[in-house]
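Below is one structure, written out as structure tokens, with a few remarks after it.
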Amino acid sequence: MIAIIGAGKMGEALLAGMLARGHAPEDVLVTEPREEHAEELRRRYRVEVVPATDAAKRADTLLIALKPQDMVALLDTLSPHLDSDRLIISVAAGITTAVLEDHLPPGTPVVRAMPNTPALMGQGMTAVAGGAHTEGAHLDRAEALLATVGEVIRVGEQHMDTVTAISGSGPAYFYFIAETMIEAGVAMGMPRATAQRLVGQTITGAAAMLNDSGEHPVVLREAVTSPGGTTAAALRELERHGVRTAFTEAIEAARDRSSALSGS
């Protein structure tokens, strides 16, 4: 039995992905305190919506999709109802496996996961790291669940704040770029719908080339950049305005904020 604690956007995306990949509704429990949304989940997915303490008693795997500031209080509430053989998967940014373990029965296996919002489209990227009592079989189980909404990669926990900065927050950077490109097209007289279609498919195609070609991004960039051409002129302006440095410092700021959330 699997329980999803918290059915916000990410929790519901994981629920939909699991059911689409063959999990039976009767094998999944969901907790959702908002009764209107709880009823919608029952109707749409045919799952049982229960209090969190009931889910803790009944499920073998608990996937907790709450905000970081709500995590510790929930674990303290659930801990008396848990055995150390339950697997806890947390998708809360910045909360370390050590913090999770401190609020769970001794020996409980925990997995820290960082998905991103393209999981809502089944195109997510999730990194996972195990805690002190987590074995390979536990990571396998976590990966199988999270792979229902995209790709999964294992990393050492020391890299999880960087993961948060690169892929957890990463979609926002691309939306920022897309917004800027679209607005530039509109400013030059192009209809907004046309500019958005051009930019959206350009990003999709560029991502496919990056993922599928096996080429380094420098090689792909150089293939678009003819000497003295339009792309070279644009890139020269980006370098002149320090965009590369700004992006690096932005990612470092996101990493540092993730670290601060965990108190590390």
Side-chain angles (χ1 to χ4, degrees), residues 2-6 8-11 13-14 17-18 21 56 59-72 74-76 78-79 82-120 122-173 211 251-264:
I2 300 164
I4 298 177
I5 311 291
K9 288 185 177 180
M10 187 58 67
L14 291 163
M18 288 166 53
R21 292 287 186 92
D60 303 308
T61 301
L62 281 74
L63 196 156
I64 305 178
L66 296 182
K67 295 178 180 179
Q69 59 266 31
D70 299 327
M71 180 64 71
V72 169
L74 175 77
L75 293 178
D76 288 341
L78 298 185
S79 185
L82 293 171
D83 298 321
S84 61
D85 60 352
R86 308 293 174 83
L87 173 61
I88 307 298
I89 304 170
S90 164
V91 298
I95 304 298
T96 66
T97 59
V99 169
L100 297 170
E101 289 163 354
D102 284 345
H103 295 272
L104 291 166
T108 300
V110 300
V111 172
R112 178 181 173 186
M114 175 46 59
N116 59 16
T117 55
L120 300 170
Q123 295 292 322
M125 182 71 243
T126 303
V128 296
H133 313 291
T134 305
E135 300 178 354
H138 298 124
L139 285 168
D140 289 343
R141 198 190 318 173
E143 285 187 4
L145 292 178
L146 295 163
T148 62
V149 293
E151 295 190 29
V152 184
I153 187 172
R154 296 185 190 186
V155 301
E157 188 168 11
Q158 72 272 22
H159 299 303
M160 285 297 284
D161 290 327
T162 302
V163 166
T164 301
I166 292 176
S167 67
S169 300
Y173 313 151
N211 285 332
I251 291 168
E252 289 173 348
R255 177 206 60 196
D256 293 346
R257 179 57 182 156
S258 177
S259 179
L261 286 171
S262 67
S264 60

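The structure displayed is predicted, hence computed values, not measured ones.
- No side-chain heavy atom of Thr117 sits under 4.5 Å from any side-chain heavy atom of Lys9.
- How far CD1 of Ile2 is from CG of Leu87: 10.0 Å, rounded to the nearest 0.5 Å.
- For the residue pair His133 and Pro109, the shortest heavy atom distance occurs at O-CB, 3.7 Å.
- By the 6.0 Å contact criterion, CD on Glu135 is open, its count of non-hydrogen atoms from other residues, nucleotides or ligands being 12 or less.
- Between Ile153 and Met125 there is a side-chain heavy-atom pair separated by less than 4.5 Å.
- Judged by distance alone, with hydrogens and angles left aside, the side-chain atoms of Thr148 form a donor-acceptor pair with the main-chain N or O of Leu145 at under 3.5 Å.
- For the pair Met18 and Ile4, the minimum side-chain heavy-atom distance is below 4.5 Å.
- When side chains are defined from C-beta on, Leu63 counts as touching Leu14, because their heavy atoms get closer than 4.5 Å.
- Partner of His103 under the side-chain contact (heavy atoms from CB on, under 4.5 Å) criterion, out of Thr108, Ile95, Leu75, Leu74: Leu75 alone.
- Atom CD of Glu151 sits in a sparse spot, with 12 or fewer heavy atoms from other residues, nucleotides or ligands closer than 6.0 Å.
- The heavy-atom pair separating Val91 from Ala65 by the smallest distance is CG2-CA, 3.4 Å.
- In terms of modelled atom types and a separation under 3.5 Å, the side chain of Glu101 and the main chain of Ala132 share a donor-acceptor contact.
- Among all heavy-atom pairs drawn from Pro68 and Ala93, the shortest one is CG-O, 3.2 Å.
- With hydrogens and angles disregarded, a donor-acceptor distance shorter than 3.5 Å links the side chain of Arg86 to the backbone of Ala59.
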